[in-house]
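Take a look at the structure set out below.
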Amino acid sequence: MLKFTPSRVTCRAGTVGGDVVVQQEPTPLTRHLRIHQDRGFTVLELRGEIDIAAATQIVPYLDRVTGRPEARVVLDLRQVEFFDCSGLRLLFRARHRVLDRGGSVHLVCTHPLTLRILRITGLAQLLPPRPTLDAALEQTETTPG
């Protein structure tokens with residue numbers, strides 16, 4: 001018998017042996033967003049092309065996560081291939097909502113063109129990008145949102 005839950009599959013082998021548990025990644029909420037927990041932080045992984053169509057799909061999930069009091073959020077852009085002003089709006093929106101509720105927000109980004117957009121717009125000053133998730137989570141231990 002197979003039993004499915006959001007993060008694992010359990011296979012019961014009857015009377016022989018025992019349960020076999022296979023861990024799997026959570027299913028993406030949209031093809032542009034995956035949300036998971038890491039060390040007490042909610043990580044929003046944006047993926048693919050973040051344009052107006054993608055942003056429309058992402059906003060409801062982003063608002064749910066960033067609307068919590070004292071939310072601890074990491075925005076991970078490492079899987080982003082294209083990023084326009086709609087993506088910038090998402091980052092500004094997340095930052096504003098989290099900080100207004102006493103939380104912290106951090107950014108992970110390595111794509112050269114996205115980093116350039118962040119620098120040109122000044123968002124890199126407000127949300128300094130880190131190269132890895134570990135670096136962003138380490139930053140949270142030493143600096144506020």
Side-chain angles (χ1 to χ4, degrees), residues 1-12 18-145:
M1 174 179 86
L2 290 177
K3 178 180 165 189
F4 295 91
T5 62
S7 62
R8 66 188 218 171
V9 177
T10 303
C11 178
R12 296 205 182 253
D19 291 349
V20 176
V21 176
V22 178
Q23 295 291 343
Q24 58 188 43
E25 289 188 10
T27 304
L29 299 168
T30 77
R31 68 184 184 134
H32 301 288
L33 179 66
R34 180 174 160 253
I35 299 176
H36 61 94
Q37 298 295 314
D38 193 331
R39 293 171 256 178
F41 287 82
T42 302
V43 180
L44 288 87
E45 287 183 14
L46 281 67
R47 298 165 172 240
E49 296 184 5
I50 306 302
D51 55 14
I52 193 165
T56 302
Q57 294 175 4
I58 293 169
V59 163
Y61 301 106
L62 179 117
D63 284 355
R64 187 176 315 139
V65 169
T66 60
R68 299 177 186 143
E70 299 181 9
R72 297 169 39 155
V73 176
V74 175
L75 302 164
D76 188 345
L77 306 183
R78 289 177 295 170
Q79 299 297 317
V80 170
E81 299 163 3
F82 174 82
F83 196 80
D84 69 6
C85 61
S86 300
L88 288 172
R89 259 187 255 118
L90 289 173
L91 298 183
F92 273 111
R93 181 183 188 102
R95 181 182 179 275
H96 175 75
R97 290 173 57 84
V98 169
L99 295 182
D100 277 357
R101 290 166 178 80
S104 63
V105 61
H106 302 278
L107 179 66
V108 178
C109 182
T110 56
H111 194 282
L113 294 177
T114 305
L115 288 169
R116 183 172 182 228
I117 290 170
L118 295 172
R119 280 192 302 274
I120 289 170
T121 60
L123 188 55
Q125 293 291 323
L126 300 174
L127 255 159
R130 300 293 179 235
T132 65
L133 182 57
D134 285 336
L137 294 176
E138 288 170 10
Q139 173 194 9
T140 64
E141 297 171 1
T142 59
T143 59

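Side chains are part of it too, since the values below use all heavy atoms of this structure and drop only hydrogens, waters and symmetry mates.
- Between the R101 side chain and the G67 main chain, a donor and an acceptor come within less than 3.5 Å of each other.
- Salt bridge status for R72 with E70: absent, with no side-chain N to carboxylate O gap under 4.0 Å.
- Looking at heavy atoms from C-beta onward, V74 lies out of side-chain contact with T42 at the 4.5 angstrom threshold.
- For the atom pair CG of L91 and OG1 of T121, the computed distance is 8.5 Å after rounding to the nearest 0.5 Å.
- Side-chain contact between F92 and L126 is present, with heavy atoms from C-beta onward closer than 4.5 Å.
- In terms of heavy-atom proximity, T66 sits nearest to R97 at OG1-NE, 2.8 Å.
- With rounding to the nearest 0.5 angstrom, the CG atom of D134 is 4.5 Å from the CZ atom of R39.
- Rounding to the nearest 0.5 Å places CD of Q79 at 5.5 Å from CZ of R47.
- Under the rule for a salt bridge (charged side-chain N to carboxylate O under 4.0 Å, His left out), R119 has no partner lying at least two apart in sequence or in another chain.
- Between R34 and H36 the shortest side-chain heavy-atom distance falls below 4.5 Å.
- The two atoms that bring T56 and P60 nearest to each other are O-CD, 3.5 Å, heavy atoms only.
- Taking a 6.0 Å sphere around CD of Q37, one finds it holds more than 12 heavy atoms contributed by other residues, nucleotides or ligands.
- The only member of L77, L46, I50 that meets side chain to side chain contact (heavy atoms under 4.5 Å, CB included) when paired with T114 is L77.
- With contacts defined as side-chain heavy-atom distances shorter than 4.5 Å, the pair L44/Y61 does not qualify.
- Taking CG from L75 and SG from C109, the interatomic distance works out to 10.5 Å, rounded to the nearest 0.5 Å.
- Two residues are said to be in side-chain contact when any heavy atoms from C-beta on lie closer than 4.5 Å; F41 and S104 meet this criterion.
- Results of the side chain to side chain contact (heavy atoms under 4.5 Å, CB included) test with V73 over L62, L107, V65 single out V65 as the only residue that passes.
- Pairs passing the salt bridge (charged side-chain N to carboxylate O under 4.0 Å, His left out) check and including a residue from residues 78-90, sequence neighbours excluded, read D76-R78.
- Inter-residue side-chain proximity for L133 and L137 is flagged as met; some heavy-atom pair is nearer than 4.5 Å.
- To the nearest 0.5 Å, the span separating CG on L118 from CZ on F83 amounts to 6.0 Å.
- Within the model, atoms CD1 of I52 and OG of S86 stand 4.5 Å from one another, a figure rounded to the nearest 0.5 Å.
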